[in-house]
Structures are given as C-alpha cells and as structure tokens.
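Chain identifiers are assigned alphabetically (A, B, ...) following the order of the sequence lines, protein sequences preceding nucleic acid strands; residue numbering begins at 1 within each chain.
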Number of protein chains: 2
Amino acid sequence: MNKKDLKKVMQLAESLCEQRGVRLTSQRKAVLEFLLESEKPLSAYDLLDQMREVLKNPAPPTVYRALDFLLEQGLAHKLESISAYVGCVHPDHPHASQFLICADCGEVAEMEDKMIAKSLENAGKAIGFNTIHPVVELMGTCADCSAKKDSN
Amino acid sequence: MNKKDLKKVMQLAESLCEQRGVRLTSQRKAVLEFLLESEKPLSAYDLLDQMREVLKNPAPPTVYRALDFLLEQGLAHKLESISAYVGCVHPDHPHASQFLICADCGEVAEMEDKMIAKSLENAGKAIGFNTIHPVVELMGTCADCSAKKDSN
DNA sequence: ATAGTAATGTTATAATATTACGTTTTGGCA
DNA sequence: TGCCAAAACGTAATATTATAACATTACTAT
C-alpha cells in the first residue's frame, strides 16, 4: 500500500478505536502499519523481526497480543491456510471477506461478495448451524501469474 | 462413524486407489481408519499417538506422509482453521466441500453445496483468478450446542 | 535378479503459538 | 492529587504443528 493510503487507513483505524473506547497503542499501531505497508501477508515471526525496528527485545507475545487486538477490532485478518496476517483496507464496517491467495507470487486480494457471504450463512442456518466467523480462502493463481505460465 | 459405514468407505478407498494405480499402504490405511472412526477432527499429533497402536515408534513424518497422500487422493481433508484432519465420507468424486466447525463441541459437518462452490470459483474468475483449492470453513455453533446455550 | 522408484525409518530442527507470572501504564474516581 | 483496578506489556519457558535431510527397505517392471 502506498503512503497516502496507508495514512488514510491508519487515521480511520485511530478514529474507529477512539469511537469504540479501545486503545490503539504504539505497538498495535506499529504492527498494523507493517501489515498495511507490506504487499504480501506477513507471518507472526516476520512481524516479530520488523518489530525490532521499534522495540528493543520483542518476544512472540508482543506480536500475538497486538494481532489478537487487531483481529478483534477487524483491523487485520488472519489467513488460516498460510498462517499469515494482512491489514484490512476497509475496516470501517464489519464484514465477511473472501481471500484470493496466489500460490505462485504470494499476493492476496480481499474480496467482499455479500451474496456469497449470505449464501454461506444461509446454508449453515438450513441445518441449524450458527456461523460466527466464516473462513473463505481461495488458493490458486492470480491473473499475472496465470499469464506468465501460459507464455511458457 | 459406525463400523458398517467405515467398512464401506474403506472399501471404496481401496478400489479408488487401485483404479488410480496408487498404493493404500497399511500405514495410510491406518491413518484413514483413525480419521473415519473419530467423531471429531484429529490433529497430526493425535494421529501420531493413535499410530502407536499399530507401529512401534511412529514419528511425525510417518503421519504427515500418510496425510499428504490421503489429502492428494481426496480421501481426507485438512481443516485449516484448526490444523486438524477429517476423513472424507464420500471420496468417490472430486469435490469442493464446505465445513461447519462447532466451536463448542468440536464436531464438524461436511457440506457440498455446488452453487456456493461455483459462485466462489466465478467470483475469482471475474478478476482473473484461477482457483485451485477453495478453503471454506464456517466457525460457529452447531444446532445442539446452540440449543444448550439457549436453555441457559 | 536387478535396477529404479516409491515408501518408510530416524534424527533433528524449523515454524507457529501459548502459558504463566511479574511489572508497568492507564484511566476513573474518592 | 493519590489510590485502585484493569489493561497493557516484559520475559522466560514451553507447547504445538510441520518439515528437512539422509539412510534403509519394499515394491514393480523388465
């Protein structure tokens, strides 16, 4: 994400946290910034490395606590199938996203298809299942990487 | 799964492997049986414990190799959001399943909604994304556990 | 029988995540 | 203000999940 957008999202995050009466502390802010700056999802230990830039001796709990907070607040998402984390680019409303993960280049697109989200929820309901958190991740190849492969 | 169904699925697995010219060895068979017998998903290390029943000194690779094989052959599935594995109850056709995971009791239902699978694939296609493996897991509460909660 | 491949054995280690407990910081309020 | 309780953070240890690397055995096809 470019600097301008980053700043915008960070300001949004700050105001959301203020509204909710929760604290976007400097550590949490740092983790969120690293996630948003990155083109690709980061593992908890990638983040731990990055945190050395802003903290003397960060330990795993430092990162995992910040991540827990960001996930709770919808400011970041965990990609379960690759154990990695991304910043959310539109955290201003609760949402059930779908993620497209390129197995070749590692880039991830976040999609928010309300029809799909609704279909999933309803399919659960049909058998009495109450969905709290949907995990929808498509592993595959992005447009760029598919094109590269075709040209071989 | 009860013994009768277990036997049926195991026979199906055997004939599928024979057709495909791949080997359902005794270790792979054992892992698949443990998965199918279990009411709940098993972690790789749960399986490792169980493997002590049939092997003197099983090590992690023993289990992970068997799991890799079963996943490749569509005889088992991995639940990414809980790092656990389940046996597939209808492995006779390739399929994109959805899983409903109860956060309370841990039980898992496998659903195969072709409309949803298709919608997801198409949503990817719309932006040039080629889906290879969809991961769809709904975390929530099953009918039983929801009922129990309501009665509180 | 034997060469080539697939499967397994074995040891070690990597990568991801949590527990437990002590200390510091913060915000509310007497 | 000064005190309290809750939240956040520091730190060490450990648990859980997964893979690497290399040796050995077993199967299959000629």
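- Taking Ile, Leu, Val, Met, Phe, Trp and Tyr as members and joining any whose side-chain heavy atoms lie under 4.5 Å apart, directly or through other members, the hydrophobic cluster of I82(A) also contains L79(A), V86(A), F99(A), I101(A), V108(A), M139(A).
- One atom, CZ of R52(B), and another, P of dG9(C), lie 14 Å apart when rounded to the nearest Å.
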Name each donor-acceptor pair under 3.5 Å that joins a side chain in residues 65-76 of chain A to protein atoms two or more places apart or in another chain, with its distance.
unit_1: Q73(A); atom_1: OE1; unit_2: R20(A); atom_2: NH1; d: 3.0

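- In this structure, the NZ atom of K56(A) is 11 Å from the C1' atom of dC9(D), given to the nearest Å.
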Verdict with supporting geometry, H133(B) and H77(B), ring pair (Phe, Tyr, Trp, His ring centres under 6.0 Å): CA-CA 11 Å; H133(B) 175 62; H77(B) 300 291; 8.2 Å; no
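- Residues that satisfy the ring-ring contact (aromatic ring centres under 6.0 Å, His included) test with F129(B), not counting sequence neighbours, are absent from this structure.
- In this structure, E18(A) places its CD atom 15 Å from C1' of dT26(C), rounding to the nearest Å.
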Nucleotide-resolved protein contact map, nucleotides 15-29 of chain D, B/S/- at heavy-atom distance under 4.0 Å: --BBBBB-----S--
Distance-only criterion, 3.5 Å: show the donor-acceptor pairs between side-chain atoms of residues 49-59 of chain B and protein atoms not counting sequence neighbours.
unit_1: D49(B); atom_1: OD1; unit_2: R52(B); atom_2: NH2; d: 3.3

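- A residue-by-residue look at F69(A) and N57(A) shows that F69(A) has its nearest nucleotide of DNA chain D further toward the 5' end.
- If you take CG of L71(A) and C1' of dT16(C), they are 14 Å apart, rounded to a whole angstrom.
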Which donor-acceptor pairs under 3.5 Å do side chains of residues 23-33 of chain A form with protein atoms, sequence neighbours excluded?
unit_1: R28(A); atom_1: NH1; unit_2: R23(A); atom_2: O; d: 2.6

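- The nearest whole Å value for the distance from the CG atom in L48(B) to the C1' atom in dG9(C) is 13 Å.
- The nearest whole Å value for the distance from the CE atom in M51(A) to the C1' atom in dT11(D) is 15 Å.
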